[in-house]
Number of protein chains: 4
Amino acid sequence: MVARSEQSRQAILKATMDLLDERNPEALSVRKLSIEKIAQEAGVSKTTIYRWWSSKAEVVLDTILDNHLARTPVRTDLPALDALREHLASLATVYAGWEGRLMAQLIGECQSDPEAMRIFHERFFEPRSRTAIAIVERAVEEGTLGSDIDVETVTETLYAPLYFRLLLHIGEIDRAFTDALIDSALLGIAPGSAPAARDH
Amino acid sequence: MVARSEQSRQAILKATMDLLDERNPEALSVRKLSIEKIAQEAGVSKTTIYRWWSSKAEVVLDTILDNHLARTPVRTDLPALDALREHLASLATVYAGWEGRLMAQLIGECQSDPEAMRIFHERFFEPRSRTAIAIVERAVEEGTLGSDIDVETVTETLYAPLYFRLLLHIGEIDRAFTDALIDSALLGIAPGSAPAARDH
Amino acid sequence: MVARSEQSRQAILKATMDLLDERNPEALSVRKLSIEKIAQEAGVSKTTIYRWWSSKAEVVLDTILDNHLARTPVRTDLPALDALREHLASLATVYAGWEGRLMAQLIGECQSDPEAMRIFHERFFEPRSRTAIAIVERAVEEGTLGSDIDVETVTETLYAPLYFRLLLHIGEIDRAFTDALIDSALLGIAPGSAPAARDH
Amino acid sequence: MVARSEQSRQAILKATMDLLDERNPEALSVRKLSIEKIAQEAGVSKTTIYRWWSSKAEVVLDTILDNHLARTPVRTDLPALDALREHLASLATVYAGWEGRLMAQLIGECQSDPEAMRIFHERFFEPRSRTAIAIVERAVEEGTLGSDIDVETVTETLYAPLYFRLLLHIGEIDRAFTDALIDSALLGIAPGSAPAARDH
DNA sequence: CGATAAACGAGACGGTACGTCTGGTCTTGTG
DNA sequence: CACAAGACCAGACGTACCGTCTCGTTTATCG
């Protein structure tokens with residue numbers, strides 16, 4: 001009879017983001033964030049949070065994902081290979097900062113919370129994956145990638161190193177890195193494959 | 001003056017492994033594992049655990065890593081490219097089972113525990129990384145990989161998809177997958193980098 | 001908004017009393033009593049105890065005092081000197097048993113817990129002291145005690161030996177003792193203050 | 001074969017006193033004092049303390065009592081009633097300060113440690129009690145106290161209020177108080193007993 | 001327009017685990 | 001062989017959150 005309070009929902013998401021935002025001097029890790037603190041910060045009762053989300057991880061998912069997807073769009077106004085390059089670069093830019101650390105922590109939390117992992121897939125991985133595969137397919141159609149490649153494996157191979165660095169805390173995450181990934185993949189690593197591919 | 005009790009140390013590591021081992025019907029996730037339970041299972045006091053480890057994550061690191069490294073050795077009796085292929089395949093085999101889930105949870109925990117991440121690097125990532133880079137270098141020397149490749153990037157590119165699948169819970173982790181990774185990398189993805197370019 | 005659970009309160013006080021009651025074969029001293037055990041025995045969480053009491057001593061105070069005051073009332077239906085005699089005798093009776101040992105332990109605990117001592121004064125000593133002084137005043141009014149005595153000092157002098165025996169674990173605590181106290185005080189100890197001086 | 005180290009014994013007693021002495025800014029209550037801290041302060045191992053004493057209370061007893069008895073001697077160069085008055089006054093002086101608080105805490109500890117209480121009796125209460133009774137007996141012999149008094153009860157009555165104030169944290173502990181005790185006891189409290197006794 | 005039912009804040013509750021502290025015992029050299 | 005050093009088991013401490021559960025108290029339709 002009484003509709004869900006949009007005001008509470010917003011307050012909860014905002015409180016969560018504020019508590020996680022590293023620009024806030026008292027920011028918390030996802031681990032140290034608690035439903036109790038969110039409720040307090042949002043001026044909302046715990047009951048209200050539990051009514052609409054079933055765990056901390058899900059609140060964090062809701063808080064982070066829409067924002068993240070909006071910030072790393074795929075461009076449709078460019079040739080596919082360039083769009084791919086731009087997309088990887090934009091991901092690198094975002095992941096290099098505090099949102100990257102957040103995403104890493106979120107994926108970390110999902111490792112021991114199957115329901116959160118399910119939502120992560122549904123809300124993040126699957127749409128993103130479809131989008132990425134679509135660009136690679138378009139690049140094949142445009143003739144800038146070989147027609148005999150296994151699109152899904154190649155897509156995975158291009159994005160994986162980004163998440164590898166993000167989750168294993170190695171090296172830089174920047175455009176130089178993502179560009180190198182694409183270039184390296186284009187050439188292949190077999191001896192002699194380079195020169196041939198290179199001149200055209 | 002009084003030496004550390006090796007007996008206690010072993011009991012703690014064994015208890016931790018038993019509590020995490022999914023073949024045990026009452027197994028726990030890394031998240032639900034607690035210092036308290038380890039102490040109880042090991043017949044040891046909490047003090048003794050805290051004396052030698054500073055967090056649950058570090059106990060788990062100690063428990064898992066040595067065992068894992070021992071189970072996924074790099075073969076030196078094979079040509080480098082074959083050794084690489086075998087190593088990726090052995091990783092896939094291990095990561096496909098409960099030890100993979102454990103490793104994923106462990107990396108997950110490290111996301112919000114910088115000290116644990118530091119130890120993970122020191123104990124796992126860096127030795128492993130050096131070993132992997134060494135095989136790739138050997139393959140270059142043996143002439144089975146191109147001499148102009150960026151060894152470090154290529155190595156990362158070969159291993160990353162394995163961890164991507166492990167941590168994002170996508171697809172199968174098996175030899176078919178790791179073999180495909182190597183084959184795909186060898187060929188490259190540019191149009192025309194196909195068989196013709198490869199042979200001679 | 002949610003009222004305190006009277007049920008929990010009662011369960012905690014009862015559990016405390018049960019654990020301290022020497023008729024219980026596994027009874028504990030106040031020292032060995034712990035919040036943890038009370039919580040367990042009462043089927044209540046530690047949080048609930050800490051929510052309403054700030055230390056073990058305060059729980060014990062709450063448990064003992066009301067009961068004790070109820071068991072050693074001052075009679076108003078007797079002449080004041082007789083009421084005083086009866087009150088001392090009833091204290092002796094109670095203090096001779098396990099409740100006496102409890103009271104002694106409680107006072108013992110308060111020696112190193114100023115807040116508990118403050119509560120002991122507020123809840124026990126001050127009301128009791130006022131009551132006792134009032135009887136002595138009434139006895140003066142009734143003419144059974146001298147009109148020139150210092151009421152407060154005399155009251156203290158009459159009750160002190162009871163606590164002396166209780167706390168220093170000396171001698172018997174019984175009616176013979178308390179009657180002797182009153183008789184001795186009545187007579188005085190100066191030579192010649194004997195019967196001759198008293199009558200007329 | 002190796003004799004008890006008198007040096008260790010002294011170091012332990014001194015450390016205990018230092019840790020309890022309120023003139024030391026970091027002084028501890030008897031409760032917060034621990035064998036561990038004494039060992040540390042004395043530069044001695046816990047084992048050594050446990051070898052010679054069986055609890056914290058006993059160490060404290062050893063530390064305090066000799067000193068205390070030496071500081072509150074009974075004078076033999078005065079008429080007994082004056083010696084009694086002086087003794088009570090000297091006790092009041094000592095008990096008014098930090099040694100009083102210590103003694104109170106010590107007696108408090110003994111409430112839940114029968115062995116400590118036994119030692120307290122043996123080392124403190126019994127000798128002290130015999131001494132006190134002896135003065136009162138001497139006063140009777142000298143004719144300054146009535147010959148018909150019950151010496152033990154009277155002695156107890158005179159000293160009890162001091163300990164009452166000490167242990168219940170009431171009122172002042174000073175010479176005015178102890179003098180009032182003796183005067184009040186001398187006169188008695190029965191109506192009319194005062195005038196008769198007073199003039200002679 | 002007043003009834004009513006959901007959503008809400010507040011927060012008490014039984015729990016689990018935390019990381020710290022002490023107590024008292026046991027072990028291993030050293031002098 | 002007394003001792004120091006200190007590791008060890010045991011278990012209580014007080015705190016933080018968990019997720020559940022009343023409680024009134026809004027508040028927004030719907031009869």
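Every chain is numbered from 1 and lettered A, B, ... according to where its sequence line falls, protein lines coming before strand lines. The structure displayed is predicted, hence computed values, not measured ones.
Rounded to an integer number of Å, the gap from CD of C:Gln40 to P of F:dG11 is 11 Å. If you measure from atom CD1 of B:Ile12 to atom P of F:dC9, you get 7 Å, rounded to the nearest angstrom. As rounded to whole Å, 13 Å separates atom P of F:dG11 from atom CG of C:Leu28. Put simply, CD1 on A:Ile49 is 9 Å from P on F:dC18, counting in whole angstrom units. Nucleotide F:dA16 holds its C1' atom 17 Å from the CD atom of A:Glu41, rounded to whole Å. The nearest whole Å value for the distance from the CG atom in A:Leu19 to the P atom in F:dC17 is 11 Å. One interatomic measurement links the two molecules: CG of C:Asp113 to P of F:dC13, which rounds to 13 Å at whole-angstrom precision. For the pair B:Arg4 CZ and F:dA5 C1', the interatomic distance rounds to 18 Å; values are reported in whole Å.
Salt-bridge check for B:Arg118 with B:Glu122: passed, with a basic side-chain N closer than 4.0 Å to an acidic carboxylate O.
Residues forming a side-chain contact (heavy atoms from CB on, under 4.5 Å) with A:Lys14 (at least two apart in sequence, or on another chain): A:Asp18.
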Using atom types as modelled, flag every donor-acceptor pair under 3.5 Å from a side chain in residues 98-107 of chain B to any protein atom, sequence neighbours excluded.
{"residue": "B:Glu99", "atom": "OE1", "partner": "B:Arg71", "partner atom": "NE", "Å": "3.2"}
{"residue": "B:Glu99", "atom": "OE2", "partner": "B:Arg71", "partner atom": "NE", "Å": "3.0"}
{"residue": "B:Glu99", "atom": "OE2", "partner": "B:Arg71", "partner atom": "NH2", "Å": "2.8"}
{"residue": "B:Arg101", "atom": "NH1", "partner": "B:Glu22", "partner atom": "OE1", "Å": "2.5"}
{"residue": "B:Arg101", "atom": "NH2", "partner": "B:Gly97", "partner atom": "O", "Å": "3.4"}
{"residue": "B:Gln105", "atom": "OE1", "partner": "B:Val30", "partner atom": "N", "Å": "2.6"}

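Listed pair C:Trp52 / E:dG11 fails the phosphate criterion, with no side-chain N or O lying under 4.0 Å from OP1 or OP2. One finds a side-chain N or O of A:Arg51 lying less than 4.0 angstrom from the OP1 or OP2 phosphate oxygen of E:dC8. Neither OP1 nor OP2 of E:dG19 sits under 4.0 Å from any side-chain N or O of B:Trp53.
The OG1 atom of D:Thr63 sits 7.5 Å away from the CH2 atom of D:Trp53 when rounded to the nearest 0.5 Å.
The local environment of CD in C:Glu115 is crowded, with over 12 non-hydrogen atoms from other residues, nucleotides or ligands closer than 6.0 Å.
A centroid separation of 6.0 Å or more is found between the aromatic rings of A:His169 and B:Phe120.
For the residue pair B:Glu6 / B:Gln10, a side-chain donor-acceptor distance below 3.5 Å is found, with atom types taken as modelled.
Closest to the side chain of C:Ser45, out of E:dG15, E:dC13, E:dC8, is E:dG15. For B:Ser8, taking side-chain heavy atoms from C-beta onward, the closest of the listed nucleotides F:dA2, F:dC8, E:dG15 is F:dC8.
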Legend entry - Footprint string (nucleotides 21-26 of chain E, 5' to 3'): B base within contact, S backbone only, - free, heavy atoms under 4.0 Å: BSSBBB
